[in-house]
Trainee: 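Submitted below is the structure of interest, expressed as structure tokens.
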2 protein chains.
Amino acid sequence: MKPEAIKVACSNCNLRELCMPLGLSTEELNRIDDVVATRRKVKRGTPLFRNGEKFTSLYAIRTGFFKTCIATEDGRDQVTGFQMAGEIIGLDGIVNDQHTCDAVALEDAEVCVMPFDRIEELSREVNALQHHVHKIMSREIVREHGVMLLLGSMRAEERLAAFLLNLVQRLHARGFSQSELVLRMTREEIGSYLGLKLETVSRTFSKFVEDGIVEVRQRHVRILDTDALKRIVNAQSCH
Amino acid sequence: MKPEAIKVACSNCNLRELCMPLGLSTEELNRIDDVVATRRKVKRGTPLFRNGEKFTSLYAIRTGFFKTCIATEDGRDQVTGFQMAGEIIGLDGIVNDQHTCDAVALEDAEVCVMPFDRIEELSREVNALQHHVHKIMSREIVREHGVMLLLGSMRAEERLAAFLLNLVQRLHARGFSQSELVLRMTREEIGSYLGLKLETVSRTFSKFVEDGIVEVRQRHVRILDTDALKRIVNAQSCH
DNA sequence: CGGAAGTTTGATACCGATCAACCGATGTGG
DNA sequence: CCACATCGGTTGATCGGTATCAAACTTCCG
């Protein structure tokens with residue numbers, strides 16, 4: 001949990017095109033190196049931050065896989081997202097200067113710590129960075145609109161199909177297979193994200209296997225028929 | 001629909017403390033007047049912007065009431081939020097330079113048009129404005145987390161109770177009653193937002209009336225027992 | 001190796017969707 | 001101003017999808 005004082009540079013990071021704006025001048029690139037203060041390793045099962053903690057920084061995921069979730073006093077729990085390399089977490093903390101959700105590593109992970117006051121400072125001077133920050137926040141808002149659509153109007157099969165397609169698409173953008181993936185989260189966590197119980201998630205996986213749409217061996221999933229998944233997502237509740 | 005060339009000033013707007021940062025110097029206040037280019041009237045039932053339209057501006061609601069919703073090709077439709085005076089809409093458009101949802105006036109409305117490039121320009125110079133923009137976006141993200149919790153884990157009564165409490169709370173912050181409100185949206189729109197069918201919304205209202213928690217006359221709602229509503233929201237799915 | 005955690009599958013219950021009928025409010029044109 | 005059409009809302013009956021409860025199995029990990 002101890003912050004590690006490794007000095008790092010975005011300018012030669014292979015995730016740069018995911019985290020950072022494109023088309024920067026060399027001078028701007030060098031300045032942007034300053035937004036990352038340190039890196040921090042987070043062990044599997046361990047929180048990067050927790051609900052109620054003071055907000056200081058955004059985090060760019062270098063390696064590993066996170067979930068963010070909110071818990072209420074009465075024991076309810078909702079996974080609000082799964083995040084992978086190149087994605088930014090911590091945006092929830094800006095509004096009240098404290099985090100309103102937990103971010104937990106689902107596998108050993110490493111993040112770049114980006115103090116938010118430094119981001120604000122630098123984005124006053126580098127227009128591309130300013131706009132980039134705005135885009136990242138807007139993207140998160142739009143993503144959540146999609147989740148609301150899913151939770152508000154889709155049935156179990158549609159939700160799981162949409163979930164799988166979204167995951168492979170993001171993994172593919174990072175150079176992984178379009179058809180094979182390893183789930184880093186449990187059935188229960190998938191269920192929490194999708195508004196389903198873990199048994200329903202399990203049953204729906206089984207149904208997809210029966211229908212020859214996917215192969216599932218524990219957390220290893222191979223998608224055999226992407227189009228079938230797309231058809232499931234787009235099929236309106238027929239009648 | 002024609003933009004009207006009324007020159008307006010945030011500095012003497014009675015909604016300023018809702019839209020704009022607090023604690024500005026007189027000089028900063030005067031500069032901020034420049035973010036509002038024009039005002040625009042929107043008739044009831046008419047869109048302020050639509051999915052796919054080019055994004056140019058954020059809008060601050062001066063009067064009236066809006067819904068934002070996304071529609072899919074296959075006929076699904078999801079209300080993603082209801083917005084009232086002092087709230088900002090259009091944030092979804094930043095990421096891809098085009099809007100990804102429709103914003104429709106539920107009653108005759110007027111908005112302040114704030115060209116986004118001007119916002120970015122000015123927030124490079126006025127730190128308080130910069131941070132304010134970040135807070136507005138973060139607040140929207142946190143709000144959507146709450147909706148995800150609602151859609152993912154609450155039952156019909158809990159959803160409607162949470163919805164009513166949220167509405168009166170926001171209305172109260174604008175000087176309206178804590179216990180009386182007029183719904184500007186139909187049962188169907190409430191249902192879409194809450195992930196329920198209109199019949200279920202209607203039945204749940206009826207149940208609340210039976211239990212003496214609210215009085216309902218069409219769209220006029222009087223809350224008789226706020227604590228009961230709060231208890232309903234916080235009651236975990238018991239077993 | 002043993003226990004805990006995670007997953008699958010079955011049986012049953014229940015909440016909300018669906019289908020349908022009716023009612024009331026609103027608004028429009030003759 | 002009234003007749004009538006339309007839209008929104010309520011209520012009832014029934015159906016279906018997902019939750020719940022339960023048991024067995026597998027995998028993981030100390």
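We name chains A, B, ... by the order of the sequence lines, and we start the count at 1 in each one.
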Trainee: Going by atom types alone, do B:His145 and A:Glu144 pair a side-chain donor with an acceptor below 3.5 Å?
Mentor: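 Short answer, yes.
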Trainee: Tell me which nucleotide among C:dG6, D:dT10, C:dT8 gets nearest to the side chain of A:Arg187.
Mentor: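 Per side-chain heavy atoms of A:Arg187, the pick is C:dT8.
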Trainee: Rounded to 10°, tell me the angle between the two end axes of the helix from C:dC1-D:dG30 to C:dG30-D:dC1, each built from five pairs.
Mentor: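 Taking the rotation axis at each end, their angle is 50°.
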Trainee: OP1 or OP2 of C:dT8 less than 4.0 angstrom from a side-chain nitrogen or oxygen of A:Gln218, does that happen here?
Mentor: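 So the side chain of A:Gln218 is outside the cut-off, no N or O lying under 4.0 Å from OP1 or OP2 of C:dT8.
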Trainee: Counting side-chain heavy atoms from CB outward, which of C:dG16, D:dG8, C:dT18 is closest to B:Lys197?
Mentor: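 Selected nucleotide: C:dT18.
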Trainee: When you measure from the side chain of B:Glu180 to the backbone N and O of B:Val221, does any donor-acceptor pair fall under 3.5 Å?
Mentor: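 Such a contact is absent between B:Glu180 side chain and B:Val221 backbone.
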Trainee: Relative to the ring of B:His99, is the ring of B:Phe55 parallel (under 30°), tilted (30 to 60°) or perpendicular (over 60°)?
Mentor: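 Perpendicular.
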Trainee: When you measure from the side-chain N and O atoms of B:Arg155 to the phosphate of D:dA19, is any distance below 4.0 Å, counting only OP1 and OP2?
Mentor: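 B:Arg155 to D:dA19 OP1/OP2: no side-chain N or O under 4.0 Å.
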Trainee: Whether the side chain of A:Arg40 engages the backbone of A:Leu48 through a donor-acceptor N/O pair (distance < 3.5 Å, no angle test) should be reported.
Mentor: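 Looks like yes, one N/O pair under 3.5 Å.
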Trainee: Is there a residue in residues 200-213 of chain B whose heavy atoms reach under 4.0 Å of DNA chain D, and which residues are they?
Mentor: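 The answer is B:Ser202, B:Arg203, B:Ser206.
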Trainee: Identify the residue among B:Arg139, B:Arg143, B:Arg174 that makes a salt bridge (charged side-chain N to carboxylate O under 4.0 Å, His left out) with B:Glu87.
Mentor: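 Among the candidates, only B:Arg174 passes.
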Trainee: Side chains of residues 197-210 of chain A: which donor-acceptor pairs under 3.5 Å do they make with residues two or more places apart or in other chains?
Mentor:
from, atom 1, to, atom 2, distance (Å)
A:Thr204, OG1, A:Thr200, O, 2.6
A:Ser206, OG, A:Ser202, O, 3.1
A:Lys207, NZ, A:Asp211, OD2, 2.8

Trainee: What about A:Glu199: does its side chain form a donor-acceptor pair under 3.5 Å with the base of D:dC21?
Mentor: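 Pair found.
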Trainee: Check whether any side-chain N or O of A:Ser57 sits under 3.5 Å from a backbone N or O of A:Val113 as a donor-acceptor pair, and report yes or no.
Mentor: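 No.
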Trainee: For B:Arg159 and B:Leu196, work out which heavy atoms get closest and say how close.
Mentor: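 B:Arg159 and B:Leu196 have their closest heavy atoms at NH1-CD2, 4.1 Å.
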Trainee: For a quick test of reading the model: is some side-chain N or O of B:Arg217 closer than 4.0 Å to OP1 or OP2 of C:dA25?
Mentor: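 Negative; the distance criterion is not met.
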Trainee: Give one of base, sugar-phosphate or nothing for A:Arg159, where a contact means two heavy atoms less than 4.0 Å apart.
Mentor: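 If one applies the 4.0 Å heavy-atom cut-off, A:Arg159 turns out to touch nothing in the nucleic acid.
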Trainee: Quick one: label A:Leu196 by what it contacts on the DNA or RNA (base, sugar-phosphate, nothing), any heavy atom closer than 4.0 Å.
Mentor: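 Here A:Leu196 touches the backbone only, sparing every base.
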Trainee: Which whole-number value in Å describes the distance from A:Arg219 CZ to D:dC28 P?
Mentor: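 Checked: the CZ to P distance equals 9 Å.
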Trainee: For B:Gly191, report the nucleic acid contact type (base, sugar-phosphate, nothing); a contact means any heavy atom under 4.0 Å.
Mentor: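 The answer is nothing, as B:Gly191 stays clear of every strand by at least 4.0 Å.
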Trainee: I need the CG-P distance between B:Leu198 and D:dC7, as an integer number of Å.
Mentor: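 Spelled out: CG on B:Leu198 to P on D:dC7 is 14 Å.
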